[in-house]
Amino acid sequence: MQGGGRAGSRGAETARFMSALRRQAEREGRCVFSSAELYSLANELSLAVRDVAAFVDQLNESGRWLGRVKRAWWVGTGKEGCGFRCNAG
């Protein structure tokens, strides 16, 4: 598995989730997603995590992947955002 660790590991699931989220962000031209959209994506991917809400919260707490803005989540943090120019909602 590329860059995420062994299949089913937390690192692998994080990498898989973020890759899918970035693809969706690029496809839709936006970086901001609601919690419901994040939970839906995680369920579509059938992530091997016990609690999707806790998984998303852990991504936010890590400070590397997600940032919270006005009851929504921003892919990436800092100036790089989600790695491409997008509308922040």
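Any value given below was found using the heavy atoms of this structure, including those in side chains, with hydrogens, waters and symmetry copies removed.
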Glu37 CD to Arg30 CZ distance, which is reported to the nearest 0.5 Å
4.0 Å

Rounded to the nearest 0.5 Å, what separates atom CG in Asp57 from atom CG in Leu38?
10.5 Å

Spatial distance of atom CG (Leu41) from atom CZ (Phe33) [nearest 0.5 Å]
8.5 Å

Gap separating the CZ atom of Arg22 from the CZ atom of Phe17, nearest 0.5 angstrom:
10.5 Å

Intermediate values then yes/no, side-chain contact (heavy atoms from CB on, under 4.5 Å), Val52 and Leu47:
CA-CA 8 Å; Val52 172; Leu47 290 181; 5.8 Å; no

Would you mind checking if Glu26 and Arg23 are paired as a salt bridge, meaning a charged N to carboxylate O distance below 4.0 Å?
no

Which heavy atom of Glu13 sits nearest a heavy atom of Val49, and at what distance?
CB-CG1, 4.4 Å

